Every structure is written in C-alpha cells, then in structure tokens.
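Report on the following structure.
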Amino acid sequence: MLLTRLAEVSREVAATAARSRKTALLAQLFREAGAGDVPIVIPYLAGRLPQGRLGVGWKVLGRPVPPAAEPTLTVREVDARLGELGEVAGPGSQAERSRIVGELMGAATEAEQRFLLGLLTGEVRQGALDAVAVEGLAQATGAEPADVRRAVMLAGSLQTVAEALLGEGPAALERFRLTVGRPVLPMLAHSASSVAEAVEKLGACAVEEKLDGIRIQVHREGGRVRIHTRTLDDITGRLPEVTAAALALPGERFILDGEVISFDAAGRPRSFQETAGRVGSRTDVARAAAEVPVSPVFFDALAVDGRDLLDLPFAERHAELSRLVPEPMRVRRTLVSGPEDTPRAERFLADTLARGHEGVVVKGLDAPYSAGRRGASWLKVKPVHTLDLVVLAAEWGHGRRTGRLSNLHLGARTADGGFAMLGKTFKGMTDAMLAWQTGRLKELAVEDDGRVVRVRPELVVEIAYDGLQRSTRYPAGVTLRFARVVRYREDKRPEEADTVQALLAAHPEAGT
DNA sequence: TTCCGACAGTGGGGTCGCAAT
DNA sequence: ATTGCGACCCCACTATCGGAA
C-alpha cells in the first residue's frame with residue numbers, strides 16, 4: 001500500500017466531525033491493506049509508531065526538504081526506514097537520524113510529508129486515535145467492538161490484536177485473556193469536586209488515600225516479577241524494593257495494582273518530584289535506591305493464584321487483596337455506607353491530607369475493574385486552591401485554537417511592585433472565553449513575535465491549581481501544579497492580585 | 001577529556017466541545 | 001442528560017548527544 005493513501009484517509013478523517021464516518025473511513029482502509037501492511041497501517045492511522053521511541057523531534061527533523069512530485073513511497077518502505085532510525089545510537093547518531101529522516105521526507109509528496117510530520121511529532125490531530133481505530137478494526141473484521149476493545153485492554157496493544165484478528169478472524173479474540181506476566185491497561189479515575197458529591201454518586205463505597213507517586217502494576221509468576229507503569233513500560237529494573245516486596249508475599253501468581261512512593265525518615269510522603277526522579281533513574285539504581293528508597297502500596301488485585309478477578313465487584317477483589325497483602329503495603333481506607341455517612345468520608349479526607357497525601361479516591365464497591373478506561377466508579381477528590389493572578393503574555397493557539405490567544409503566562413505581584421511569572425495555562429477556557437481574551441489581550445499588547453504576545457499587566461484572572469512545585473525555570477523558585485482558569489476578574493485591578501510572598505506563606509510544604 | 005546546554009521521552013495532569021448513547 | 005474521546009498544552013525529571021572548554 002502506498003503512503004499517499006494513508007495521508008489521504010487521515011486528511012479525510014480530520015475533515016469529518018462524525019465519529020461514525022471516521023470509523024467507516026478507517027475500516028475501509030484497514031480492509032484495503034493486505035496482511036503484510038496491516039500491522040503498519042493500523043498503528044499509523046491510530047497516530048502512533050510501532051517502533052515507539054525513535055529519537056526524532058523538531059531538531060532532528062531539521063529544515064523542511066523539497067517534496068517529491070509523485071507519490072512512490074510504500075508503507076513498508078517507510079516502516080523499514082523508521083526502523084533504521086531506532087537502530088542508530090552513539091556518537092554521530094543524531095546527524096545520522098537527521099540524514100535518514102531527510103531522505104525519507106525528500107521521497108514524500110507534500111501531503112505525505114504533512115502526515116509523516118504529524119506521526120513523528122505525535123501530533124496527528126485527525127480526531128481519531130486508538131479508540132476510533134478499535135471501532136474501525138471491529139468494523140473491518142466483523143468483530144464486536146466491545147470484544148475488540150476488551151482484547152486490546154488485555155493485550156495492552158492494538159497492534160497485537162489487529163494482527164490476530166486480521167489473520168484469523170473474530171475467533172482469535174478468545175486468545176486474549178488476562179494473563180499473569182502480560183500487562184493490562186490500568187483503570188483510571190474521574191474527578192469529583194467534593195467527597196459529598198462522590199459519595200452521593202456512588203452510594204456504598206470505599207474511600208482510599210490517594211498517594212502522589214507513580215502508578216505500578218506488579219506481576220509475579222513464581223520467582224519472576226515484572227513491574228509496569230501506567231503506559232505499560234517495564235520498569236522492573238529500577239525498582240528492586242518492589243520486586244523484593246512482591247517476592248515476599250505469600251502467593252505465586254498474581255497481578256496487583258498500586259502506587260510506588262517514597263517516604264522520608266519520619267514516614268511522611270516525599271514530594272512527587274523526588275519520587276518521580278527516583279523512579280526515572282536508570283543508570284545507577286543502587287545509589288538512587290539508597291538515597292530515595294521507595295515502597296509499593298497496593299489498592300487492587302487483578303489476579304490472585306492465577307485467577308482472573310477483573311469482573312468481580314471491587315469489594316471481592318479487595319478481599320482477595322487483603323488476604324495476599326499485609327496492611328502496611330495496602331493503601332489506607334475507610335468504608336462509607338452511603339450519603340448519610342458522608343462525615344466519615346470527610347474526616348478521612350482531612351486525616352489523609354494531614355498525613356501529607358494528595359487527596360482521596362472514592363470507589364464504588366460493586367464495580368468491576370474497567371481496564372483501560374476512566375471508570376465512573378473511581379472518583380478522585382483533591383483540594384483545590386485558587387489565586388488571582390495577572391496575565392503577563394499569551395501564546396497563539398494551534399489546531400482548533402488557531403487565531404486565538406490560548407496559553408496564558410501568569411504572574412503574581414512581587415515586593416518591588418512588579419510581577420513574577422509563576423507558570424502558564426491553557427486549561428479551563430470555554431470558546432467564549434478564548435474569543436473574549438483574544439480581543440482583550442490584543443488591546444493590551446505591547447509586542448508580538450508571532451508566537452508570544454506580551455501585554456501590559458492589567459488583566460486579572462482567577463486560577464485554580466493543585467499546589468506548588470519547586471522550579472528552576474521561574475524567578476520565584478516555584479511554579480503552579482495543574483493551573484487552570486476559573487474566570488476573569490474584571491472587578492479587580494492588578495494591584496489587588498495575589499503576591500508571591502503570600503503564595504509561599506500559604507504553602508510552607510513547598511520548602512523554599 | 002570533561003563539562004554543560006539542548007533535545008527527546010516519560011511521569012504526573014484538568015477542562016472543554018462534540019458525537020453518540 | 002450523561003459518557004467517552006480527542007484536543008488543548010503544562011512542568012519536572014533523566015538520559016543522551018554534541019559541541020565548548
């Protein structure tokens with residue numbers, strides 16, 4: 001199959017709004033692709049590269065090269081060239097990658113170049129990624145979409161399922177069962193604004209502490225332990241403590257879901273930055289482990305004694321977890337009978353925060369484990385802080401925000417009457433707000449370099465955020481975590497905005 | 001040879017709009 | 001009405017490469 005066909009379908013998919021039409025377009029293309037091309041075509045149209053990391057970004061891509069006049073590239077050729085990219089390493093590799101990419105781009109037409117660029121930079125923007133590709137795959141093969149989705153969750157990979165399905169037909173889906181040793185996409189949580197709201201929605205529930213660490217899925221089969229992240233990366237080698245803990249448990253074949261986090265000598269959780277830095281260390285794990293030891297803390301069991309627990313109610317899965325994992329290695333929790341019992345949930349949240357944790361996750365007791373989804377039965381509740389900050393500048397948006405000023409630079413007042421930038425945000429704005437702020441900020445503009453528009457610091461905006469992080473990037477030494485716009489405060493003048501000093505005083509735990 | 005800056009990739013994430021249910 | 005998905009981009013961290021010292 002020619003690459004130009006993929007580029008064409010991707011453009012069509014991007015141009016249509018209806019999901020059903022996107023699905024139909026993808027299904028048609030999957031049918032056209034022969035058995036040899038399908039393993040490449042499906043990931044490409046789902047916006048991902050089968051090879052994973054290639055070491056190609058805007059720098060390696062370099063300057064645009066003149067496009068070819070005629071489409072001649074086949075998807076298999078492209079796949080082979082990109083495969084080469086993953087192979088090169090060591091001195092001179094960056095230049096070599098640039099050369100390969102340049103050659104590939106030179107052989108591509110303008111439309112193909114656009115498609116490849118999106119693929120390589122992870123910005124396909126066709127409004128159809130994995131989930132829509134799954135639907136298309138189901139349609140192309142006559143399988144039930146729900147069965148395909150489940151197989152993808154259990155296999156942890158769309159590609160594997162696609163190959164089996166196209167080779168053997170819908171019967172192949174049977175093969176994809178929960179297997180100890182093969183990672184499964186984890187269940188995710190939605191947000192709720194208060195425990196009262198969460199308990200109201202879920203009724204009888206468990207309220208669990210939410211630890212601010214890294215999500216882990218631990219598989220043990222006999223003496224073999226594997227640890228995976230949320231995106232199913234294998235990080236076993238970086239977490240010897242977790243491997244040891246799993247081997248010490250009185251079970252031979254299990255899959256556990258939990259969090260890995262670092263506690264200080266006093267037993268308080270270290271900052272997310274410290275835990276994440278430790279988990280990210282690969283070169284000298286022994287030293288990293290000595291400096292920042294981590295502990296696994298589990299909250300769910302997907303399999304015990306090789307038995308698949310996914311479809312059991314959470315209450316039963318947790319009972320299995322409790323049998324296998326001793327208390328300190330499980331998250332703390334309390335059971336709440338329903339809305340009338342909300343005060344208990346609120347006390348538990350207050351206690352959890354006092355112990356230095358992020359918040360709580362409220363979980364319905366009846367719900368199965370929804371692998372790979374944001375199940376409505378897990379609701380996280382975290383305290384939200386707000387500040388009135390001043391817009392210092394804004395960046396021009398992309399995609400559906402093209403032509404709108406989108407990403408705001410936020411400043412707090414300093415002692416000398418100026419403003420210190422604390423970070424940026426593009427979140428929380430409605431289309432109406434985007435339109436309004438674009439007009440207002442243009443009035444205040446003092447400079448536009450085509451990317452960033454600097455403005456007179458006069459517009460006050462209310463910002464919600466989850467806390468402070470240490471920063472080497474910003475002058476105050478801190479930045480806001482997960483900042484988002486709540487509303488504009490036209491009733492406030494910049495002199496009334498919050499100060500850096502007050503912010504630091506409000507977050508002594510940031511330790512600056 | 002060693003150091004340091006820039007780049008790539010990965011972790012954590014919230015909210016909106018739209019299509020589908 | 002509600003749900004699911006994709007788009008919108010953030011910041012911090014580590015590893016690696018490439019060029020400067």
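Protein chains get the first letters and strands the later ones, always in sequence-line order, with residue 1 at the start of each. Hydrogens, waters and symmetry mates are skipped; everything else that's a heavy atom, side chains included, is used. Given the structure is predicted, the values throughout are model-derived calculations rather than measurements.
Applying the salt bridge (Lys or Arg N to Asp or Glu O under 4.0 Å) test to residues at least two apart or on different chains, the pairs with a partner in residues 274-285 of chain A are E241(A)-R278(A).
Listed for the T425(A) side chain is a donor-acceptor partner under 3.5 Å among the backbone atoms of A483(A). Side chain of S93(A) to backbone of V88(A): no donor-acceptor contact under 3.5 angstrom is found.
Using modelled atom types, one finds a donor on one side chain and an acceptor on the other under 3.5 Å when comparing R270(A) with S262(A). Between the side chains of Q437(A) and Y488(A), at least one donor-acceptor pair of N or O atoms lies under 3.5 Å. Counted by atom type alone, Y369(A) and D311(A) present zero donor-acceptor pairs between their side chains at under 3.5 Å.
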Item to complete: Could you encode protein contacts along nucleotides 3-10 of chain C as a string, one character per nucleotide from 5' to 3', using B for base contact, S for sugar-phosphate-only contact and - for no contact, with a heavy-atom cut-off of under 4.0 Å?
Response: -BSSSBBS
Practice prompt. Assess whether side-chain hydrogen bond (donor to acceptor under 3.5 Å, both in side chains) is satisfied between R401(A) and S406(A), documenting all intermediate values.
Written response: CA-CA 7 Å; R401(A) 293 192 178 187; S406(A) 173; 2.9 Å; yes
Item to complete: Let me see the working for R481(A) and D212(A) under salt bridge (Lys or Arg N to Asp or Glu O under 4.0 Å), right down to the final yes or no.
Response: CA-CA 12 Å; R481(A) 199 165 175 207; D212(A) 197 6; 2.7 Å; yes
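Residue Q501(A) qualifies as open at atom CD: its count of foreign heavy atoms under 6.0 Å is 12 or below.
For the pair D431(A) and G57(A), both in contact range of DNA chain B, the more 5′-proximal nearest nucleotide belongs to G57(A). Summary of the strand contacts: S191(A) and G55(A) both lie near DNA chain B, and taking for each the nucleotide with the nearest heavy atom, the more 5' one is attributed to G55(A).
Once rounded to the nearest 0.5 Å, the distance linking CZ of F30(A) with CG of L45(A) reads 5.0 Å.
Side chains of L410(A) and M421(A) form no contact here, defined as non-hydrogen atoms less than 4.5 Å apart. You'll find the side chain of L480(A) reaches within 4.5 Å of the side chain of L389(A), heavy atoms only.
The nucleotide range of DNA chain B contacted by chain A, defined by atoms under 4.0 angstrom from heavy atoms of the protein and reported 5' to 3', is dC7(B) to dA20(B).
D233(A) comes within contact range of the sugar-phosphate backbone alone, with a heavy-atom separation under 4.0 Å but no base atom that close. Counting any heavy atom pair closer than 4.0 Å across all strands shown, L54(A) reaches sugar-phosphate atoms only and no base atom. Among the atoms of the strands shown, none is found under 4.0 Å from any heavy atom of V485(A). Among the heavy atoms of the strands, none lies under 4.0 Å from A464(A). Counting any heavy atom pair closer than 4.0 Å across all strands shown, K382(A) reaches sugar-phosphate atoms only and no base atom.
Straight-line distance from the CZ atom of R473(A) to the P atom of dC13(C): 10 Å, rounded to whole Å. E197(A) has its CD atom 11 Å from the P atom of dT2(C), to the nearest Å.
Close to dA12(C), at under 4.0 Å from its OP1 or OP2, lies no side-chain N or O of Q469(A).
In terms of the side-chain hydrogen bond (donor to acceptor under 3.5 Å, both in side chains) criterion, S98(A) has no residue partners (sequence neighbours excluded).
If you look at H507(A) and Y465(A), their ring centroids are closer than 6.0 Å.
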Fill in: Nucleotide-level pairing of DNA chain B, given in dot-bracket where Watson-Crick and G-U pairs need both distances under 3.5 Å and | marks other strands
||||||.|||||.||||||||
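A heavy atom lying under 4.0 Å from DNA chain C marks the following residues of residues 274-297 of chain A, by number: G277(A), G280(A), S281(A), R282(A), T283(A).
Look at the P atom in both dC9(C) and dG12(B): the space between them is 22 Å, to the nearest Å.
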